Amino acid sequence: MTFSELNIDQDMVQALADKGIIEPFPIQVQTIPLALSGQDIIGQAKTGTGKTLGFGLPIIQRLGLDPAPGVQVLVVVPTRELCVQVSEDLETASSNRNTKVVSIYGGKAYEGQIEALKAGAQIVVGTPGRLLDLASQRLLSLANVSEMVLDEADKMLDLGFLADIEKLFSQTPSTRHTMLFSATMPGPIVALARRFMNRPIHIRATDPDEGLMQANIEHLVYRAHNMDKDEVIGRILMAEGRGKTVIFTRTKRAAAKLVEELGDRGFNATAVHGDLNQEQRERAMASFKAGKKDILIATDVAARGIDVDDVTHVINHTIPEDEKAYLHRVGRTGRAGKTGIAVTFVDWDDMHKWTLINNALDFGTPVPMETYSSSPHLYTDLNIPAGSKGRLRASPIRETAASAARTGGAGRTGGAGRTGGAGRSDSARSGAGHSGDQTGSRPPRSRTRVSPTTNPDAPTAGTTASTHDGGGAEHHDGNSAPRRRSRTRRHAPQAGTPS
DNA sequence: AAAAAAG
């Protein structure tokens, strides 16, 4: 399948090809023909599988090659960084035609945004606050919007955003074409969404028996009590083969503290969260994307949509609030067919949250919660005293952690790294183990291993669709979370889990 | 309950 076969205009096919984008993803194959025909769509697909172009190409094409000036497309997103990214993607796709894209978001000077609107930009990508701000000042008119998209739609229709979104909808013509996209679409949100849509079709670009969790992400979960978390994270950051890494914290303060701590330890880390000014935020994102920094410490501001190549690890310094947040966070890795590793630390007070997440999502095989021991022997192969700071120089340890999880070994994991990682057949590290720069700034390496948590027999593509015709919603996905792949698995609490 | 989103 090609974009041409999907009836995408040649100028866009060329613009994509120039960026190395040749073959459409399943969600694009499913949505593009319907979207081109003006069908309202609720599009659900796994993280990192091309939702942005799934709605981007059709809306650009429906504007025509040389559209009249003035705002005709409105794309609303939940964060400023995602706003920048989506604008860039749409700009890339439309680079060979006379269409102008403007991004409208807060924390930034009004000037440029207002000028771009006055210059006749047709496509607006924005965050709710600034959009309404400019609209109320009569600097932005939504009266001629014919295409409206909510990206991360379940988030946009959540309580924190809903009132603003309703206002935006009310300022656009009711005849508009409306599309909603996200990896997660809880049933109640789908029902709510229908108020703003005209007989939408719900597309789930995944096998009906499959959830929406990426299968090519390996999940490791550790109890965090009695643990020097910073130290253990430091060890994971020195894993052989680690590329870019995103570390999520629960609070802005924790993110600020951790970036200091890791900086002290010689890591190449930067942070993005709401306590930073917009310039700092954008500088952090740019240096992470460019690879100048290989560790990004973030609050949930970066949990959704952010697309950075070669993120090999996501670390949940604090467990996310619910299964949706977990899915979006870990979805920063394992994108566009690549593999990824997600490490989650579970604090004592949060043990129940892991149970909820584990039950709501489907990991293919159960994910055991392990103890990543903080015993001093773990540090002996690092040649540093436990708890000391300073630049760590270590043998690879990712396999140490992973094999502990696989073999169910609680406790003495320290020697595994030296002996070659019991039970791992994929490791090339025995030879490469002690070489190379260990400061955390080396370039990412490609990984070919298939996650052991993946069921290789599970189908990976396919689509189910159902129309919303105003009737009951119970014949389609009413779940608040991706569906379980296996009904047989019931979670016995892991040993040591409070029950 | 935190974070996000206007200033």
Side-chain angles (χ1 to χ4, degrees), chain A residues 74-87 102-114 117 124-140 142 149-169 171 182 184 189 246-259 271-282 284-285 296-306 314 316-329 331-332 344-354 356-357:
Chain A
L74 178 61
V75 179
V76 191
V77 299
T79 65
R80 297 165 180 177
E81 284 69 26
L82 188 55
C83 185
V84 171
Q85 179 185 299
V86 170
S87 310
V102 57
S103 43
I104 304 283
Y105 58 95
K108 202 145 175 135
Y110 286 83
E111 247 176 36
Q113 299 176 2
I114 294 168
L117 288 170
V124 168
V125 183
T127 50
R130 179 64 68 92
L131 287 170
L132 288 169
D133 185 357
L134 293 187
S136 72
Q137 296 185 57
R138 308 275 162 182
L139 293 165
L140 166 68
L142 301 178
V149 177
L150 300 188
D151 197 10
E152 305 299 339
D154 57 328
K155 183 73 174 171
M156 304 315 296
L157 295 173
D158 231 356
L159 234 47
F161 277 119
L162 182 58
D164 285 350
I165 296 301
E166 281 180 316
K167 282 181 207 147
L168 288 169
F169 269 128
Q171 295 183 29
S182 181
T184 50
I189 296 288
V246 184
I247 306 178
F248 286 103
T249 61
R250 188 173 64 94
T251 63
K252 294 177 279 193
R253 282 186 62 180
K257 194 173 154 224
L258 187 58
V259 73
V272 60
H273 56 77
D275 274 351
L276 302 173
N277 66 41
Q278 194 53 29
E279 191 192 335
Q280 294 171 312
R281 287 168 59 160
E282 285 179 27
M285 290 307 301
L296 180 70
I297 299 160
T299 57
D300 277 332
V301 70
R304 283 173 176 258
I306 298 302
V314 167
N316 288 315
H317 174 273
T318 332
I319 193 171
E321 275 314 306
D322 59 27
E323 74 283 356
K324 296 187 293 301
Y326 183 89
L327 185 143
H328 286 284
R329 278 188 183 186
R332 294 322 95 209
T344 299
F345 294 101
V346 186
D347 294 317
W348 178 255
D349 290 340
D350 295 335
M351 298 292 268
H352 67 288
K353 285 185 195 161
W354 174 245
L356 292 175
I357 291 168

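This is a predicted model, so every value here is computed, not measured. In what follows, every chain begins at residue 1, and chains take the letters A, B, ... in the order their sequences are listed.
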By the 4.0 Å heavy-atom rule, please label [X] as base, sugar-phosphate, or nothing.
| X | answer |
| --- | --- |
| A:G160 | base |
| A:F248 | nothing |
| A:D300 | nothing |

N/O (side chain, [X]) to phosphate O (OP1/OP2, [N]) under 4.0 Å:
| X | N | result |
| --- | --- | --- |
| A:R281 | B:dA5 | yes |
| A:R304 | B:dA3 | no |
| A:T127 | B:dA4 | no |
| A:K252 | B:dA4 | yes |

* To do: Report yes if some heavy atom in the side chain of A:Q113 is under 4.5 Å from a heavy atom in the side chain of A:R130; otherwise report no.
  =>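 Yes, at least one pair of side-chain atoms sits under 4.5 Å.
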
* Contact check, side chains of A:V301 and A:R281, non-hydrogen atoms, under 4.5 Å ->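 A:V301 vs A:R281: side chains touch.
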
If you check every side-chain atom of [X], which of [options] has the closest atom?
| X | options | result |
| --- | --- | --- |
| A:D133 | B:dA3, B:dA1, B:dA6 | B:dA6 |
| A:Y110 | B:dA3, B:dG7, B:dA4 | B:dG7 |
| A:T79 | B:dA3, B:dA5, B:dG7 | B:dA5 |
| A:T299 | B:dA1, B:dA6, B:dA3 | B:dA3 |

